[in-house]
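Let me begin by presenting the structure, written as C-alpha cells, before commenting on it.
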Amino acid sequence: MQGLMMDYPLTLQHAFHRVTHLFPRKEIVTQTESEPHRYTYADWGRRVMQLAHALKKAGVGDGDRVATFAWNTYRHFELYYAVPCMGAVLHTLNIRLFADQLVYIVNDAADKVMFVDGDLVPIVEKLVDQLPTVQLYVIMGDAPYATGRLRPSIDYETFIADQPTTFTWPDLDENSAAAMCYTSGTTGNPKGVVYSHRSIFLHSMGVGHVEGMALSERDVVFPIVPMFHANAWGFPHAAAFSGSKVVLPGRFSDPLRVARVIEQERVTITAGVPTIWIGLLSLLEKERFDLSTLRAIAAGGSAAPQALIEGLQRHNIPIIHAWGMTETSPLASLSRLRSYQLDLSPDEQFRIRARQGTVIPGVEFRVVDMESGQEVPWDNQTFGELQVRGPWVARAYYKDTESASKFADGWLRTGDVAVVDDDGSIQLVDRTKDLVKSGGEWISSVELEGLIMGHPKVLEACVIGIPHAKWGERPLACVVPKPDALDQVSKEEILDYLRARVAKWWLPDDVVFIEAVPKTSVGKFDKKVLRTQYEMHSL
Ligand code: AMP
C-alpha cells in the first residue's frame, strides 16, 4: 500500500518563496571596507530574480554550471538561490586553491559563466587562457575593477539592472543538481561533490533541527566559514528556510572585526574553523566586548581543542563542536550534553563537548575495523573507520570512476578514524593517513595536539609522524607558542605537561617550535607541508 501524501518536490524554490514572503523585512548585512551593506530579504529576492533573468538571457540553461570565485557577500548569497532556482548548478570555487587545481576544477565542471569578486580578478586573470569553457565573466564589486584579460566580462550591477524583478521558476526535479563543490583533496585530483535540491533541502532541515544548530527566525546567523567551503556548512541555506537575519563577513575574518560584528549586529550563532576561535579567544583575554547575544559558535572542519572550548566558556561563549565533510553537505554530527550529563563535573562535561558527538537526525553511522571490516564495540577505545550514510551524503563523485571503494555498500568511507562510547557518541582519533604508527600500535596525532594546545603557553600545536629506524614512525610535536610566551617555553615543559596525561610511549620524541602551523586552503593544519619539512629530522 502506498502513502497518499503529495509528491511535493523538495527544492530551494520553496525556501526562496518562504523567506521572501514570510520574512521580507529581515536583514542581510555584509561587511565592507567602510559601512556594512544592508538590505532586506525583499530586496534580496527581487535581485535574485533579476539575476535569474540575466543568467537566462546570457544563455545559462538547465544543468549548466555557474562558478563563483568570491567571499561571503550578499551577491554571493543572491547567486546561492538564483542559480539553482532557475535550474542551473552553482559551483563555488575555493579562492585559495593553487592555480593548477583551479584550472583542473573549472575544466572538470565545464563552468559556463564565472562570477568573480573584483579584488580577486587578478588571480583569475592569470588563468584565463586555460579556462576555455567559460563564456562570460561577471565582476562583483563596488569599485570599478580592471578586467582587461577577462573577456567578455560585465559588471554584476549592469548585468542584472533593467531585468524584471519577478521570475516564474521552472518545475524542477528534486533530485536535479543544485550546487557543486570540490573536496580539497590531499591526494590525486580534487573531486566534485554534487548536491541536489533534495539533499540541500533535507540538510537544511537537519541544520535547523533542535538537535542540529536549532536555527530559528530569532537567530542572527554569521557564517565566517567561506561560502566556497561546503556551502558555508549549509548556514546560508538553512538561514533562509528559518527566516534568520544573515550577517556576512565579506573578506574580513580577523578576530577584532569578528568581535565587533558580533557585538554590533547582535549575532546569536556564528560558524568557522577552530583557528578563527583561537584568535578570538586571544583577543577576548585582552579586550572587552559585549558578546552576550551569542548563543553558539559552531566550530568544525578540524578538531576543536578542549582547551579552546573551556577558554571560550569562561567568556560565556558555548562552542558547539561539529563534524562533517564536503561529502556530507557537511553537517553530520555534533556534540551537545545530554539531559543525564548535566550534573557531571565541569571537566567531564568539557570532555564530552570536545567529542565530535552524536549524528544528527537523518544521518546514520558505523565505525568499522580497518582490517576485518567488522563494526567495533562501543567501548570508547577500539579504533575503526567512521562510515556514514543518509540523504545528504554523497554516493559518488562527479565523473569519477576511481573512487568506487569510497562508497562501498551504501556507506561513505570517510577516511576518519574514530572511537564510539556507549552513548553512541563519536570521537575522532585521526585521519587514517595522519595516525602515527609506532611499533605496530597507533598513536592519535589529534589527541596529542588537543592536549598540547591545553598548555597555557601554547597557541597551536600540530603533531606528525616522522620515520624512525626502530619503531617505524614516532611523533614529532610542532608547537606555536603564544605571542607573550615566545622564548619562554621549553621542550621539557611541553613533555612534562604531556607526561601527566598520556601513556609514555605516546610522548613525542621531539618538540620543535615554529612560527605558525601551515594551513590548507580551508584553514586546516597542513600536515603535508610539515611532514616534508621535517622528513629528515633526527629523533
Ligand atoms: P572537508 O571536506 O574539507 O570539510 O574536510 C572534511 C574532514 O575534516 C573530515 O573528514 C575530518 O577529517 C575533518 N573534520 C571536520 N570536522 C572535524 C572535527 N570537528 N574534528 C576533527 N576533524 C574534523
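Worth knowing before you read on, the calculation uses all heavy atoms, side chains too, and leaves out hydrogens, waters and symmetry mates. Quantities reported herein were computed from a predicted structural model and do not represent experimental measurements. One-based numbering, in listed order, for ligands and for the atoms of each.
In terms of the side chain to side chain contact (heavy atoms under 4.5 Å, CB included) criterion, residue partners of V480 (sequence neighbours excluded) are, by chain and number, L459, E460, I514, V517.
Between F228 and F69, the ring centre distance reaches or exceeds 6.0 Å. Between Y182 and Y398, the ring center distance fails the sub-6.0 Å criterion.
More than 12 heavy atoms of other residues, nucleotides or ligands sit less than 6.0 Å from atom CZ of R338.
Near W323, with a cut-off below 4.0 Å to any heavy atom, the atoms of ligand 1 are 9 (C), 11 (C), 14 (N), 15 (C), 16 (N), 17 (C), 19 (N), 23 (C). Close approach of ligand 1 to L428 (heavy-atom distance below 4.0 Å) involves ligand atoms 21 (C), 22 (N). When each atom of ligand 1 is checked for a heavy atom of A303 under 4.0 Å away, the hits are 18 (C), 20 (N), 21 (C), 22 (N). Listed by number with element, the atoms of ligand 1 under 4.0 angstrom from any heavy atom of H321 are 18 (C), 19 (N), 20 (N). For ligand 1, the atoms lying closer than 4.0 Å to a non-hydrogen atom of M325 are 2 (O), 4 (O), 6 (C), 9 (C), 10 (O).
Ligand 1 has no N or O atom lying under 3.5 Å from any N or O atom of A299, backbone or side chain. Polar contact check, G300 against ligand 1: no nitrogen or oxygen pair lies under 3.5 Å apart.
A salt bridge links R295 with D219: the closest approach of a Lys/Arg side-chain nitrogen to an acidic carboxylate oxygen falls below 4.0 angstrom.
Distances from ligand 1 to the non-hydrogen atoms of G324 include at least one value under 4.0 Å. Residue D416 places a heavy atom under 4.0 Å from ligand 1. Under a 4.0 Å heavy-atom criterion, A322 is in contact with ligand 1.
Both the backbone and the side chain of T326 come within 4.0 Å of ligand 1, judged by heavy-atom distances. Only the backbone of S302 comes within contact range of ligand 1, with a heavy atom under 4.0 Å; no side-chain atom does.
If you take CG on N231 and SG on C181, they are separated by 6.0 Å, rounding to the nearest 0.5 Å.
Between W233 and M213 the shortest side-chain heavy-atom distance does not fall below 4.5 Å.
Pairs engaging residues 300-314 under the salt bridge (Lys or Arg N to Asp or Glu O under 4.0 Å) rule: none recorded [sequence neighbours left out].
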